[in-house]
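One structure is given here, and the rest of the page talks about it.
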There are 2 protein chains.
Amino acid sequence: MCHMGTADGRRSQLLRGVLDLCLLAVISEGPAYGYEMTKRLRARGLSIVGEGSIYPLLGRLERDALVETRRAASNGGPPRKYYSLSPEGERALEVGVREWETARDAVDGALGLVKVEVQPCTSS
Amino acid sequence: MCHMGTADGRRSQLLRGVLDLCLLAVISEGPAYGYEMTKRLRARGLSIVGEGSIYPLLGRLERDALVETRRAASNGGPPRKYYSLSPEGERALEVGVREWETARDAVDGALGLVKVEVQPCTSS
DNA sequence: TCCACTACCTTGTGTTGCAAGGCTTTTAGG
DNA sequence: CCTAAAAGCCTTGCAACACAAGGTAGTGGA
């Protein structure tokens, strides 16, 4: 067996409770299969997301009926399992994004990071 | 015994790995005792933070020598345990804030939330 | 044949936020 | 004096979950 335990420590905990949201967001932009999602997420800055993280998560999303699955053969390798959002999944994504924004702003406030009001630079 | 378990569900998980940072940030603005920190955090939008969350966390911060403690009598009640940042704590706060910003931006990107570039409105 | 890549999944472990409850000291009411 | 409430502190037990590691299966090239 193998166990390393604390690989990155804090950073891996920062994604708690948001990874499923990220997955839903990725799926919402078009059906995808698990192996590809890790690459999509990695390309977006979530560099540490591995397969061991997302497959249990995808299973949970499927169990909660937030995603629908469909099998399709691949050109080289085992058949892919494509995930797409269910109507409930879309709603969960919207709700989750709002929850994330709220929590994010609260943390920014607690950390003393100034929230910048966006104002157009028109010469009034 | 008592166990409720899933009180809020997702929202409580969003604070994973950031609560200690929030605590360090609160302490960095002046020594504080635990009971008061929950109120300070609540006033800043972290409405769900309870004592059961922060006391084990404060213990961990103390064990890791990120904070220093000092006892002081209170006007009514048991003596307060004031926490203040150690030099290591200040450094950990800086590093942690940067990690949070990175993770936050990555999540924003993965969720498709547009990042606004801040530009000063000076008449150049 | 052997290796590498694609693609899926499971098991085990450590961290940690939280509910619930208990302890101590002081002040207020009766 | 006795009780109750509040201010403070702390511990126990649990469930959630991200991750490392490893396992399986199919295809194609050296």
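Below, chains carry the letters A, B, ... as their sequence lines are ordered, and counting in each starts from 1.
Of the candidate nucleotides C:dG17, D:dC10, D:dA18, C:dG17 has the atom nearest to the side chain of B:Leu19. When distances are taken from the side chain of A:Tyr55 to each of C:dT15, D:dC9, C:dT10, the shortest belongs to C:dT10. The A:Pro78 side chain lies nearest to C:dT6 when the options are C:dC9, C:dT6, C:dT25.
A donor-acceptor contact under 3.5 angstrom links the side-chain atoms of A:Glu51 to the base of C:dC8. Contact annotation: side chain of B:Arg16 to base of C:dT15, donor-acceptor pair present below 3.5 Å.
Counted within 6.0 Å of CZ on A:Arg91, heavy atoms from surrounding residues, nucleotides or ligands total 12 or fewer; the atom is thus considered open.
Scanning both residues, A:Gly34 and A:Leu58, for their nearest heavy atoms gives CA-CD1, 3.9 Å.
The side chain of B:Ser53 contributes an N or O atom lying less than 4.0 Å from OP1 or OP2 of C:dC18. In this structure, A:Tyr35 does not reach the C:dC8 phosphate: none of its side-chain N or O atoms is under 4.0 Å from OP1 or OP2.
Backbone-only engagement by B:Gly34 is indicated by non-hydrogen atom pairs under 4.0 Å involving sugar-phosphate atoms exclusively. Nucleic acid contact for B:Glu36: none, since no nucleic acid atom lies under 4.0 Å from a heavy atom of the residue. A:Arg80 comes within 4.0 angstrom of the backbone, heavy atoms only, and of no base.
Residue B:Gly77 is the one, among A:Asn75 and B:Gly77, whose nearest nucleotide of DNA chain D lies closer to the 5' end (criterion: closest heavy atom). Between A:Tyr83 and A:Gly76, the residue anchored closer to the 5' end of DNA chain C is A:Gly76, taking for each the nucleotide with the nearest heavy atom. Along DNA chain D, the nucleotide nearest A:Pro79 and the nucleotide nearest A:Asp20 are compared for position; the residue whose nucleotide lies closer to the 5' end is A:Asp20.
A:Glu62 and A:Thr69 are linked by a side-chain donor-acceptor pair at a separation below 3.5 angstrom, with hydrogens and angles left out of the test.
Using a cut-off of 4.0 Å between Lys/Arg side-chain N and Asp/Glu carboxylate O, A:Arg104 and A:Glu99 are scored as not salt-bridged.
Without hydrogens or angle criteria, B:Arg44 side chain to A:Gly109 main chain gives a donor-acceptor distance under 3.5 Å.
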Please determine whether side-chain contact (heavy atoms from CB on, under 4.5 Å) holds for the pair B:Leu15 and A:Val107, giving the CA-CA distance in whole Å, both sets of side-chain angles, and the decisive distance to 0.1 Å. CA-CA 8 Å; B:Leu15 296 178; A:Val107 169; 4.1 Å; yes

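The one candidate from A:Ile54, A:Leu93, A:Val18, A:Val49 that meets the side chain to side chain contact (heavy atoms under 4.5 Å, CB included) condition with A:Leu23 is A:Ile54.
For the segment residues 56-65 of chain A, residues with any heavy atom less than 4.0 angstrom from an atom of DNA chain D are, sorted by number, A:Leu57, A:Arg60.
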